[in-house]
Amino acid sequence: MTVTSASPEIKIELHKSPVSDAERLQALEAPGFGKLFTDHMVLARWTADKGWHDAKVTPRRPLELDPASAVLHYAQEIFEGMKAYKADDGRILLFRPEENARRFAQSATRMAMPPVPEELFLKAVEALVRVDKGWIPSGDASLYLRPFMFANEAFLGVRPAQEYVFCVIASPVGAYFKGGAKAVSLWVETEYTRAASGGTGAAKCGGNYAASLVAQAEASKRGCDQVVFLDAAEHRWVEELGGMNVFFVMNDGSMVTPPLGGTILPGITRASVIVLAEERGFRVEQRPYSFAEWQEDAASGKLVEAFACGTAAVLAGIGLVRHAGGEFLVGDGQTGKLTSELRQQLVSLQKGVTNDVHGWTRLIPA
Ligand code: PLP
Ligand code: COI
């Protein structure tokens, strides 16, 4: 497949918002998660002969697809999740967007799709944020950005498609979990798995989420907020949640998080938490951690906190853990002290409150 590295210029086609300023401000007061959208979107096309072309910011509208579009049949689709934050002084910041651009390219390669050049990815995200900056909430809320790409060649043969669309949409969001800072409950899934060795677990492709939904529905049925998956080979090792990585905090100054072995998503929040925790003097072990060990450590008191982390949720303490054989609490069942502190530290960095010594934030010029 031809892979172009050229990044086309982005045309800007604006329209007047169908929503009044007063209506927009009211909607931004309690945006919820993923149900409110901004006025514009980015579109770009890829064809084998032209590479990436026709990139534009354009009014948000439904997409028209041929019913034979490959994505509808063989699920060649990938996405990213990132946020733009408004600082108290009005600056607009992205958090480690180069990492999203890189992961998007890696996901594309795994799914036999042409990678979007990192420069185009970043320019596209920034252009959309600038055009729709009136939709960035202040305070604890932020603008969730969803870059995605899909195969739209009208062809039913099974092979990598020859035409793709790259799109970015934006959604003002508040907390991912309705309970706010309250610890979340997990259902440990021992039947269904999310990703196997050699599969697509490390790629952010829609299919991974489709595969997780029956287990997420089971978690909801069991009264839990989220599902936690075990490995596909032995159904023994903790992997990750449906949409978040997981950390365990021990009483001896160590932390454990499952290793990146190709079956879990290499989370950008996960990578950031490892740096921040090590700076605090914790020893972070990236190693296999079994569900049996988790139960033993919770029972003995060695495990003092556990948390889930990702762009949407930031950090969420894990309280109740329910499984086929019973249930147990992590610590006292509340969000732990380190979890709260790391969450606050990350949010302060993302919102430009604290000095960014790591060079993680990227200012979007007005
Ligand atoms: N794991 C899965 C399956 C996810 O969907 C996400 C969210 O993007 C994460 C982990 C966390 O990744 P990040 O911190 O880059 O958002
Ligand atoms: C994200 O955190 O960006 C995700 O993609 C996870 C999903 C639960 C919204």
Side-chain angles (χ1 to χ4, degrees), residues 31-37 77-85 94-107 110 121 125 141-149 168-178 184 186 189 192-196 199-213 215-217 219-220 224-232 238-247 257-277 286 307-316 318 342-343 346-347 349-350 360:
F33 186 89
K35 29 181 206 172
L36 181 66
F37 298 96
E77 190 271 353
I78 57 169
F79 67 97
E80 268 304 320
M82 53 206 289
K83 284 173 172 171
Y85 306 83
L94 295 173
F95 185 71
R96 309 188 77 177
E98 306 81 9
E99 298 296 323
N100 295 95
R102 194 169 310 146
R103 189 170 64 188
F104 197 59
Q106 285 163 356
S107 296
R110 176 62 184 84
F121 181 98
V125 164
S142 54
L143 186 65
Y144 184 77
L145 299 160
R146 176 51 68 86
F148 62 103
M149 172 180 164
V168 189
I169 54 173
S171 171
V173 296
Y176 186 73
F177 291 111
K178 287 197 191 77
V184 297
L186 299 187
E189 178 56 59
Y192 300 110
T193 61
R194 179 185 170 275
T200 58
K204 207 160 164 61
C205 61
N208 288 343
Y209 297 79
S212 77
L213 295 178
Q216 178 58 41
S220 301
C224 296
D225 296 306
Q226 273 279 320
V227 55
V228 55
F229 287 100
L230 304 181
D231 74 293
V238 178
E239 296 245 301
E240 63 176 330
L241 276 53
M244 281 152 242
N245 294 115
V246 62
F247 280 81
T257 192
L260 302 179
T263 57
I264 68 171
L265 195 78
I268 296 160
T269 318
R270 175 187 181 279
S272 309
V273 162
I274 291 174
V275 171
L276 298 179
Q286 301 183 52
F307 61 85
C309 67
T311 297
V314 196
L315 260 71
I318 295 167
L342 282 173
R343 181 191 165 92
L346 206 51
V347 170
L349 277 167
Q350 290 167 335
W360 283 344

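For reference, positions follow the sequence shown, starting with 1. As the structure lists them, so they are numbered: ligands from 1, and atoms in each ligand from 1.
Among all protein heavy atoms, the one lying closest to atom 5 (O) of ligand 2 is Lys204 NZ, 2.8 Å. At the shortest separation from atom 6 (C) of ligand 2 among protein heavy atoms lies Gly243 O, 3.6 Å. Nearest protein heavy-atom contact of atom 8 (O) of ligand 1 is Lys204 NZ, 2.7 Å. The protein atom (non-hydrogen) at minimum distance from atom 8 (C) of ligand 2 is Tyr176 OH, 3.3 Å. Protein heavy atom closest to atom 2 (O) of ligand 2, with residue, atom name and distance, is Ala312 N, 2.9 Å. What sits closest to atom 1 (C) of ligand 2 on the protein, heavy atoms only, is Tyr144 OH, 3.4 Å.
Using a 4.0 Å cut-off between charged side-chain N and carboxylate O, Glu189 and Arg194 make no salt bridge.
Only the side chain of Arg194 comes within 4.0 Å of ligand 1, judged by heavy-atom distances.
Within a 6.0 Å sphere centred on OH of Tyr192, heavy atoms belonging to other residues, nucleotides or ligands number 12 at most.
A pairwise comparison of heavy atoms in Gly81 and Lys204 identifies N-CE, 3.9 Å as the closest pair.
Ligand 2 does not have Met82 within reach: every non-hydrogen atom of the residue lies 4.0 Å or more from it. Within the 4.0 Å heavy-atom shell around ligand 1 one finds Arg103.
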Can Met149 and Phe104 be said to form a side chain to side chain contact (heavy atoms under 4.5 Å, CB included), step by step?
CA-CA 9 Å; Met149 172 180 164; Phe104 197 59; 3.6 Å; yes
